[in-house]
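Notes for the one structure printed next.
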Number of protein chains: 2
Amino acid sequence: MTSVGRSVTIQDVANDSGVSVATVSRALRGLPNVAPSTRERVQESAERLDYHPDPAAARLASGRSRTVAMAVPSLDSWYFTQVMAGVEAVLTAAGYDLLVFAIDSDSARRRMTQGPLVKRADGLIIVNIKLSADESAALASAGVKVVSVGAASDSFSSVRVDDERVAELAVEHLMSLGHRRIGLAGHGDDPMKFDVPLDRRSGYRNVLERAGLTVDEELERGAGFSVAGGSEAAAHLLDLDDPPTAIFAMSDETAFGVMRAVWDRGLRVPEDVSVVGVDDHEFSAVVGLTTIRQDVTEHGSVAARLLLDRFVDPAIEATKYAVPIALIERKTTSAPAVIRH
Amino acid sequence: MTSVGRSVTIQDVANDSGVSVATVSRALRGLPNVAPSTRERVQESAERLDYHPDPAAARLASGRSRTVAMAVPSLDSWYFTQVMAGVEAVLTAAGYDLLVFAIDSDSARRRMTQGPLVKRADGLIIVNIKLSADESAALASAGVKVVSVGAASDSFSSVRVDDERVAELAVEHLMSLGHRRIGLAGHGDDPMKFDVPLDRRSGYRNVLERAGLTVDEELERGAGFSVAGGSEAAAHLLDLDDPPTAIFAMSDETAFGVMRAVWDRGLRVPEDVSVVGVDDHEFSAVVGLTTIRQDVTEHGSVAARLLLDRFVDPAIEATKYAVPIALIERKTTSAPAVIRH
DNA sequence: TTGTAAGCGTTATCAC
DNA sequence: GTGATAACGCTTACAA
């Protein structure tokens, strides 16, 4: 229980151990060219005095902050916070701190690339955010390393799944059960900034086309990767003159919304409508949702690791890491009960 | 697109606007004693040069970091991230940054009160974490303001719900439907650090005792406020010789796990077992879970606001803010189908 | 192997 | 109302 006031500085440790502050700095950071006996003495002093280097001073002198920033479109989505959990665990183990930003407006977006953020963090992990060339350049020139989760990029490393394949797995599964009229919930409305939905739509179309079916754009309905979005999209699809017998939702949360809309109409899943999601959300097992599984936490831990690697070797080349996926069959998909029309 | 290298400093702005750095600092921070014309000129220069003060330098000189840290037991819980969303929104609006820590080990806990964290943040928001006297003292002497969400405290402000009342509402509802044998899922196993479960158990017992029923400890089963915890607790309760006809789960996530366990046994909700949760999770409406609603995001925004208030007036007294609650009746509760034994 | 000292970019305390 | 200038606590050449 220290008294209020000035805290222990490197100078205190230097005095206590009878060496200069420079030596203390070297000793404590494990730099070479320090006599073992000296290092030991310094460490002992630091420990006894409960010394902790001031991060702001270190940042000012060295330019490095041992902090990484993470930017997500929102904080109330399961996916984003799950990624964050993966990021945090790896960062903490490496002695880095995590700064979190929700990028939900243009001003927030500007703050990410221009504002003081670039001086506060050595690296930036963006999730489901697509950087413009200017934004990338600004970050690069400020010396901020970037790793992207969700969206690919040529200028920095990224971790994502093969989104076309994700959709193909889902739709192939539905087709194999006999479905021919398959709805799509979730191709989103912001293609400028985020291309996951577009890739998944491509995968969806690929399978239909390969099977010789014509793509009916009426069956593709935007949704916000959220429960509400899924409900809205499904409501629309089910009101069609010729409604789908199955719906591929672009996330499990979207799928939950779809299921809700189905139930609200007095229909049953999967008897009347089959549903497939993506993620393998914690609740999917509870409600028996068939889904395309991906380890979301791993997205985060891999991203953090790629970033840390980049810190130790800035010359390392940008990689595109693909997380594995798998179809998990549960109870929301079955053969269509009736052949319609 | 600036070139790589040194960024714009206060000196550059000073040169550009023809005043000293001291004046620039004053002008830009809105301090008094600056001629309006000067201030305008400085602001114009800063804008044009795209100047942003270095947070580390400011922190070093002023002692304030315009950053707050948030510590949660884990990042993969809906509750915590929802609180975080509320915190982030308020902080961002006030120009503060958010540092996130998962406190899932003793070393993480130590880092929170001793390590460099205290030099990185002006304030700390803890969620469902109970500080020891020593920890509180350490934080206080380091000048870090604390606000607690979930756990109350005498030394700093807190925001929470009336947890006894939460449980009472839930159990009274069950009793009014005719249930007499009511299970409790979730009183946790870490009473040293977190007293929400204990208060909820008190509320649960209060209602039973008021009704003249005897409390059967066999019906009280720990659970980790998670889906898995709920399943485990429910499995145990349902295997009792005289199983409950209803279960009060301490969170919606716990309730989902309870429901799963009920279904796994071939039983139905609510026909065989009624279930009530707490939170009003986004998915509760989807599955029709009866619950005690609380605005979780608001927990976070209120906490952040209390902290910011404390920054402007450190002498402000510690308050205990109680967030409102309400019973939301849905489809998981009904009268017990059979009067047992 | 160790010490000296010059920064790093601000803020704050004085004078003026 | 404005300007010097001394901190703030550390890192890092450069010397020794």
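Heavy atoms only: backbone and side chains are in, while hydrogens, waters and symmetry mates are out. Each chain gets a letter, A, B and so on, in the order the sequences are listed, and its residues count up from 1.
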So which protein nitrogen or oxygen atoms get under 3.5 Å of nucleotides 1-3 of chain C's nitrogens or oxygens?
{"from": "C:dT1", "atom 1": "OP2", "to": "A:Asn33", "atom 2": "OD1", "distance (Å)": "3.1"}
{"from": "C:dT2", "atom 1": "OP1", "to": "A:Thr38", "atom 2": "OG1", "distance (Å)": "2.3"}
{"from": "C:dT2", "atom 1": "OP2", "to": "A:Ala35", "atom 2": "N", "distance (Å)": "2.8"}
{"from": "C:dT2", "atom 1": "OP2", "to": "A:Thr38", "atom 2": "OG1", "distance (Å)": "3.3"}
{"from": "C:dG3", "atom 1": "OP2", "to": "A:Ser20", "atom 2": "N", "distance (Å)": "2.9"}
{"from": "C:dG3", "atom 1": "OP2", "to": "A:Ser20", "atom 2": "OG", "distance (Å)": "3.2"}
{"from": "C:dG3", "atom 1": "OP2", "to": "A:Thr23", "atom 2": "OG1", "distance (Å)": "2.8"}
{"from": "C:dG3", "atom 1": "N7", "to": "A:Arg26", "atom 2": "NH2", "distance (Å)": "2.8"}
{"from": "C:dG3", "atom 1": "O6", "to": "A:Arg26", "atom 2": "NH1", "distance (Å)": "3.1"}

Is the backbone of A:Leu31 close enough, under 3.5 Å, to the side chain of A:Arg39 for a donor and an acceptor to pair up by distance? yes

To the nearest 10 degrees, the angle between the two end axes of the helix from C:dT1-D:dA16 to C:dC16-D:dG1 (five pairs per end) comes to 30°

For a quick test of reading the model: is some side-chain N or O of A:Arg59 closer than 4.0 Å to OP1 or OP2 of D:dC8?
no

*Any side-chain N or O of B:Arg29 less than 4.0 Å from the OP1 or OP2 oxygen of C:dA12?*
yes

Please check the phosphate of C:dT10 (OP1 and OP2 only) for any side-chain N or O of B:Ser62 closer than 4.0 Å.
no

Across all chains, not counting sequence neighbours, the side-chain hydrogen bond (donor to acceptor under 3.5 Å, both in side chains) partners of A:Ser105 are A:Ser107

Residues passing the side-chain hydrogen bond (donor to acceptor under 3.5 Å, both in side chains) test with B:Thr113, sequence neighbours excluded, are none

Between CG of B:Asn15 and C1' of C:dG9 the distance, given in whole Å, is 14 Å

Taken in chain and number order and not counting sequence neighbours, the residues that satisfy side-chain hydrogen bond (donor to acceptor under 3.5 Å, both in side chains) with B:Ser136 are none

Rounded to whole Å, CG of B:Leu60 lies from C1' of D:dA7 at a distance of 9 Å

Contacts of A:Phe156 meeting ring-ring contact (aromatic ring centres under 6.0 Å, His included) (sequence neighbours excluded), chain-then-number -> none

Check for a donor-acceptor pair, side chain of A:Glu135 on one end and backbone N or O of A:Ser132 on the other, with a separation under 3.5 Å. yes

To the nearest angstrom, the CG-C1' distance between B:Asp122 and C:dT11 comes to 15 Å

For residues 64-76 of chain B, please give each side-chain donor-acceptor pair under 3.5 Å, one per line with the distance, not counting sequence neighbours.
{"from": "B:Ser65", "atom 1": "OG", "to": "B:Arg120", "atom 2": "O", "distance (Å)": "3.0"}
{"from": "B:Ser65", "atom 1": "OG", "to": "B:Asp122", "atom 2": "N", "distance (Å)": "3.4"}
{"from": "B:Ser65", "atom 1": "OG", "to": "B:Asp122", "atom 2": "OD1", "distance (Å)": "3.0"}
{"from": "B:Arg66", "atom 1": "NH2", "to": "B:Ala94", "atom 2": "O", "distance (Å)": "2.9"}
{"from": "B:Thr67", "atom 1": "OG1", "to": "A:Arg120", "atom 2": "NH2", "distance (Å)": "2.3"}
{"from": "B:Thr67", "atom 1": "OG1", "to": "B:Ser65", "atom 2": "O", "distance (Å)": "2.9"}
{"from": "B:Ser74", "atom 1": "OG", "to": "B:Asp76", "atom 2": "OD1", "distance (Å)": "3.2"}

Whole-Å distance, A:Lys119 NZ to C:dG9 P, equals 8 Å

Applying side-chain hydrogen bond (donor to acceptor under 3.5 Å, both in side chains) to A:Asp104 and not counting sequence neighbours gives none

Whole-Å distance, B:Gln11 CD to D:dG3 P, equals 12 Å

By side-chain contact (heavy atoms from CB on, under 4.5 Å), B:Asp313 pairs with (sequence neighbours left out) B:Ala315, B:Ile316

